[in-house]
Amino acid sequence: MKATAIRVALGLLVGGILGYGWHRLVGCSTGACPLTATPLRGISYGAAMGLLWALSR
């Protein structure tokens, strides 16, 4: 149980960090890109992907 909670927390954290990095490095300046228009969307999308990855293992 404890290992699963740690894996989920790390998945969310690492995914959020990568999502923010994606927003900063690749995100569009016009705001027309749906996933990277704002930092919150990039972090949320990254955290969701990290959660899916953590739960799939």
Side-chain angles (χ1 to χ4, degrees):
M1 180 71 170
K2 186 176 181 181
T4 303
I6 292 171
R7 187 171 50 223
V8 166
L10 282 176
L12 287 171
L13 181 67
V14 171
I17 290 169
L18 290 175
Y20 180 74
W22 185 267
H23 165 75
R24 294 291 295 167
L25 296 175
V26 182
C28 65
S29 60
T30 63
C33 307
L35 294 179
T36 58
T38 65
L40 184 60
R41 285 188 200 165
I43 292 169
S44 300
Y45 183 72
M49 292 297 110
L51 179 64
L52 287 174
W53 182 80
L55 292 176
S56 70
R57 304 195 103 230

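Keep in mind that the numbers below use all heavy atoms, side chains included, and drop hydrogens, waters and symmetry copies.
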Asker: Taking L52 as the starting point, is it possible to reach Y45 by hopping between hydrophobic residues whose side chains are less than 4.5 Å apart?
Answerer: yes
Asker: Working to the nearest 0.5 angstrom, can you tell me the gap between L25 CG and Y20 OH?
Answerer: 10.0 Å
Asker: With respect to I6, which candidate in L10, T4, V8 satisfies the side-chain contact (heavy atoms from CB on, under 4.5 Å) definition?
Answerer: L10
Asker: Could you pull out the closest heavy-atom pair between A54 and G11, with the gap in Å?
Answerer: CB-CA, 4.1 Å
Asker: Could you measure the distance from the CD1 atom of I43 to the CG atom of L13? Nearest 0.5 Å is fine.
Answerer: 11.0 Å
Asker: What is the distance from atom NE2 of H23 to atom OG of S44, rounded to the nearest 0.5 Å?
Answerer: 12.0 Å
Asker: Identify the two heavy atoms, one from A47 and one from L12, that lie closest to each other, and give their separation to 0.1 Å.
Answerer: O-CD2, 3.5 Å
